[in-house]
Amino acid sequence: DKGIYPYYMLKEIEEQPNVIRTLMKQYLDDKNQAKIDDQIIAELKNADRIYIVAAGTSYHASLIGKRMFEKIANRPTQVEIASEFAYDSYIPETNPFFVFLSQSGETADSREVLQMIAAKGFKSLTLTNVPNSTLAREATYALPLLAGPEIAVASTKAYTAQITVLAFLAQAMADNKVSVAHPLAAIAVAMEAILQDKDHYEALAQDYLVDASSAFYIGRANDAELALEAALKLKEISYVHTEGFAAGELKHGTLALIEDNTPVIGLITQPKTAELTRSNLAETQARGAHTLIIAADQVAHPEDQIVLPSVDSANDDSVVVDQLAILLATIPVQLLSYYTSLGRGLDVDRPRNLAKSVTVQ
Ligand code: F6R
């Protein structure tokens, strides 16, 4: 039931702070240690490589997962697009472990990979939002995403839930005692502050995107991966042709597409690359781009259109804080997509040509 909401997507966007809190209750004990089956953690730690296999938005969450597994837990991780890996794989390791990420747990391409690796005798874990789904039943292990039913075709809260559970796995695998608990709790509070300010996002969508024919999201490191998800979210429900790009790569060809008034949205949450992304944005502006900046509080400039609420992180591990920073920036990009679709008079929850659960290969 949509309740007071005009569309499921808005309801699901607003549920995200509580999705994080629900997951913290389920996956962390009162000392903030991860409560995850020891066997699963042992499989992950003993693997000579972890593969994360997914499609679409879940693939984009996997890219963040890889960074967390490597940077927080120092475990080599590879991300594979299910529809590619099913038919063209190279698995040289003797003891790989496979993580399947899927909101629906029914994606046919992912299932094809699961059958292929199971036939080779490799073990797997499915993270899914639908507990009794096919991928959950067929994998060696399964863990729930607990986001509650996601009805809108565009995935929002499942992405946040996936990154959150991957963060718990990273914490549980890490040899040094890092904790994702405080940063996650602080992000949930900061998300609520953004959600109090929806009019701002509606106005920005109107100014920058509703009349656009083509748009870009750019960023570096984790922001480049959020750019992919932000672009998918915008194009799938607004039909504005959008590309997500590693900011530094734009000048190697794609810059030719920037015209007068082309919206270019810069994602800036990572301190080490903030100024570089700004200089890439300036390059697009010099070619006429209509630039919009979404920046984390500690790297924001006063003129940035969207400054994310500050998250008190002084006592937290900076690697963990940087890895999780894009969770907060996810809300603005979802809201921009939502209001662009709404502004263009489209059915936000049911974009053309798409299905919620993709059971064909
Ligand atoms: C985009 C979207 C799709 C799904 C993809 C994978 O908003 O929803 O890209 O993420 O079809 O689906 P699951 O996660 O169910 O395997």
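Below 30°, between 30° and 60°, or above 60°: for His290 and Tyr208 the angle between ring planes is below 30°, a parallel geometry. Between Phe122 and Phe98, the ring planes are parallel. Angles under 30° get that label, and only those over 60° would be called perpendicular.
Within 6.0 Å of CG on Asp38 lie no more than 12 heavy atoms contributed by other residues, nucleotides or ligands. Sparse packing is recorded around CD of Glu259, with 12 or fewer heavy atoms of other residues, nucleotides or ligands lying under 6.0 Å away. Applying the 6.0 Å contact sphere to CZ of Arg21 captures more than 12 heavy atoms from other residues, nucleotides or ligands. No more than 12 heavy atoms of other residues, nucleotides or ligands sit less than 6.0 Å from atom CG of Asp88.
Side-chain atoms of Arg75 and Lys45, non-hydrogen and from C-beta on, do get closer than 4.5 Å to each other. Using a 4.5 Å heavy-atom cutoff, the side chains of Lys66 and Gln78 are not in contact. Side-chain contact between Tyr339 and Ser238 is absent, with no heavy-atom pair separated by less than 4.5 Å. Two residues are said to be in side-chain contact when any heavy atoms from C-beta on lie closer than 4.5 Å; Arg278 and His301 meet this criterion.
Among pairs with a residue in residues 194-207, those fulfilling side-chain hydrogen bond (donor to acceptor under 3.5 Å, both in side chains) read Glu14-Lys198, at least two apart in sequence or across chains.
Side-chain contact, Thr269 with Asp223: a donor N or O sits under 3.5 Å from an acceptor N or O.
Residues Phe216 and Leu228 are members of separate hydrophobic clusters, defined by side-chain heavy-atom contacts under 4.5 angstrom among Ile, Leu, Val, Met, Phe, Trp and Tyr.
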Using the rule given for salt bridge (charged side-chain N to carboxylate O under 4.0 Å, His left out), can you reason through Arg111 versus Glu106, listing the C-alpha separation, both sets of side-chain angles and the distance that settles it, and then say yes or no? CA-CA 7 Å; Arg111 190 173 178 216; Glu106 300 298 341; over 6 Å; no

Could you walk me through whether Ser58 and Gln162 pass side chain to side chain donor-acceptor pair (under 3.5 Å), step by step? CA-CA 8 Å; Ser58 298; Gln162 287 168 338; 2.9 Å; yes

